[in-house]
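Computed from heavy atoms alone, side chains included, the values below leave out hydrogens, waters and symmetry copies. The chains referred to below are lettered A, B, ... by the order of the sequence lines, with proteins before strands, and numbering in each begins at 1.
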Number of protein chains: 2
Amino acid sequence: MTDQAQRKVKLSRERIVDAAITLADQSGLESLTIRALADHLGTRPMTLYHHVDGKESLLDWMVDRVFAQMELPSPDLDWIDALRQRCRSTRAVLVEHPWSVPLLESRTSPGPELLRHHEAMLATLDRGGLPLDRMAHAYAVLDSYVYGFSLQEANLPAQGGEQIAEVAHEVVAAFASGAYPQLARLTSEHVMRPGYSFGSSFDVGLEMLLAGISARAEEEGA
Amino acid sequence: MTDQAQRKVKLSRERIVDAAITLADQSGLESLTIRALADHLGTRPMTLYHHVDGKESLLDWMVDRVFAQMELPSPDLDWIDALRQRCRSTRAVLVEHPWSVPLLESRTSPGPELLRHHEAMLATLDRGGLPLDRMAHAYAVLDSYVYGFSLQEANLPAQGGEQIAEVAHEVVAAFASGAYPQLARLTSEHVMRPGYSFGSSFDVGLEMLLAGISARAEEEGA
DNA sequence: GACTGTAGACGTACTTAGTACGATAATCAA
DNA sequence: TTGATTATCGTACTAAGTACGTCTACAGTC
């Protein structure tokens with residue numbers, strides 16, 4: 001017992017999924033291989049197959065773990081505020097795990113955490129008094145926006161301001177031809193400016209959607 | 001010349017990209033392999049490498065071809081109408097090529113068609129009188145929504161009404177436990193109804209965003 | 001304390017997929 | 001014709017997922 005406890009902490013599905021997420025965060029999904037994962041855990045590839053069904057299943061678990069990190073809409077807030085808070089939290093989590101966004105929707109089997117989120121979101125929309133059809137619309141619309149924004153944000157050339165300026169510089173040079181005047185203008189006069197942040201657009205769109213959703217709820221109530 | 005024209009139509013990058021898109025549309029990205037593509041074209045794998053740099057580059061070309069299929073915002077329409085038309089067209093094209101959505105943003109090198117789209121969109125927003133920062137917001141917000149919606153729509157279990165009802169049925173049964181009352185209600189009383197279509201939510205959200213964008217433009221003009 | 005069953009760990013090897021390399025065939029210019 | 005350029009393709013290497021069977025360590029029984 002002592003011997004084994006010293007060397008390795010005992011493998012488990014949870015530990016494997018955690019390690020996989022760490023690896024994906026660090027070096028991207030494409031470098032998450034079963035062999036690399038085994039190395040990282042100090043074990044051999046085939047050992048992992050005793051805890052996880054296969055790589056596809058591992059990806060499912062990883063996605064579910066990401067959902068677990070998002071805040072559920074709080075029942076204590078006004079329903080619109082609760083929606084805003086959960087959407088912001090969702091985006092924040094997705095951007096921290098950029099690899100997860102394309103996976104979110106392509107996984108066929110919904111995990112328990114995903115179901116909890118759906119349920120909580122629907123309950124919040126219900127609190128706002130939305131009938132079923134508007135509930136469905138509102139949820140589809142909000143999630144589309146949050147996923148889409150995160151998808152774009154997660155794939156920006158670089159997070160650090162330096163590299164982004166570098167890339168932008170190339171783009172500007174390439175556009176000096178004059179074929180893309182608007183792009184050139186936007187890049188040089190806006191994107192390359194010190195304070196620029198793509199993420200700042202998130203709230204803008206979110207408020208538009210929330211305004212639309214609450215306006216429709218009031219119509220209903222009237 | 002006659003001999004060769006009979007047997008095979010002469011390989012070209014264009015033909016290869018077209019075939020790749022056809023294959024991906026039919027059986028999904030994961031079954032698009034270099035070997036399968038070569039078979040489909042009646043040639044050998046390595047032949048393709050004389051027209052395409054490698055698989056990654058092939059994916060880039062495929063994405064650019066998808067962009068080429070989308071309508072640009074028409075300069076003849078009112079700017080808001082032009083935005084609406086181009087967003088609808090974008091969604092329609094993306095849903096026809098479900099494999100493309102996760103790729104759109106992950107491709108690092110923007111193709112010529114993508115640049116044309118960006119340029120045309122920015123020009124349209126400029127027509128609306130938006131200053132640079134609002135232009136950037138508006139574009140980011142619209143594209144996020146369109147991509148996100150398409151991402152969700154492209155990954156629905158099935159397009160045909162039959163299979164969707166089948167899946168929904170399982171879900172309802174699984175939720176009979178009572179752990180997910182809202183989900184159960186939404187599924188059984190709304191999603192499973194005959195006329196239901198996820199896609200119908202698209203215009204709802206799009207109008208919210210367009211309303212928000214044009215309202216902000218008017219503020220500016222005032 | 002020896003015996004045995006079970007679960008976890010792992011070595012080996014098969015399969016699929018991308019693609020480097022070099023040889024061969026086809027096209028075209030001079 | 002001839003040389004050069006271009007296209008085609010056969011072979012083989014590498015990376016990655018994973019099936020199969022073995023081995024080890026510990027649990028519980030006699």
Exercise for review: For the pair His118(B) and Tyr139(B), name the ring-plane relationship: parallel under 30°, tilted 30 to 60°, perpendicular over 60°.
Suggested key: perpendicular

Atom pairs, N/O to N/O, protein against nucleotides 18-21 of chain D, distance under 3.5 Å?
| from | atom 1 | to | atom 2 | distance (Å) |
| --- | --- | --- | --- | --- |
| dT18(D) | OP2 | Tyr49(A) | OH | 2.6 |
| dT18(D) | OP2 | Lys55(A) | N | 3.0 |
| dT18(D) | O5' | Tyr49(A) | OH | 3.3 |
| dT18(D) | O4 | Arg35(A) | NH2 | 3.4 |

Review point. How many Å lie between CZ on Arg44(A) and C1' on dT24(D), as a whole number?
Key: 15 Å

Review point. Please give, in whole Å, the distance from dG8(C) P to Arg13(A) CZ?
Key: 13 Å

Point to revise | Euclidean distance, atom CG of residue Leu59(B) to atom C1' of dA17(C) [Å, nearest integer] | key: 14 Å

Check your understanding: Can you check the His51(B) NE2 to dT19(C) C1' distance for me, whole Å?
Key -> 17 Å

Review point. For Thr33(B), which contact category applies under a 4.0 Å heavy-atom criterion: base, sugar-phosphate, or nothing?
Key: sugar-phosphate

Check your understanding: Charged N to carboxylate O under 4.0 angstrom, Glu119(B) versus Arg116(B)?
Key -> no

Point to revise | Rounded distance in Å - CG (Leu41(B)) to P (dC9(D)) | key: 11 Å

Review point. Roughly, in whole Å, what's the span from CG in Asp39(B) to C1' in dA17(C)?
Key: 13 Å

Exercise for review: Please state how far atom CG in Leu58(B) lies from atom P in dG18(C), giving the value in whole angstrom units.
Suggested key: 10 Å

Check your understanding: Closer than 4.0 Å, any side-chain N/O of Thr47(B) to the OP1 or OP2 of dC9(D)?
Key -> yes

Study note, to complete from the structure: For Arg107(A), the side chain to side chain contact (heavy atoms under 4.5 Å, CB included) test, sequence neighbours excluded, returns Glu56(A), Leu59(A), Asp60(A), Val63(A), Leu103(A)

Review point. Within the distance-only criterion (no hydrogens, no angle test), does the side chain of Ser57(A) pair as donor or acceptor with the backbone N or O of Gly54(A) below 3.5 angstrom?
Key: no

Review point. Whole Å only: how far is the CG atom of Leu48(A) from the P atom of dA9(C)?
Key: 9 Å

Review point. Under the ring-ring contact (aromatic ring centres under 6.0 Å, His included) test, which residues partner Trp61(B), sequence neighbours left out?
Key: none

Check your understanding: Would you say the ring centroid of Tyr145(A) lies under 6.0 angstrom from that of Phe202(A)?
Key -> yes

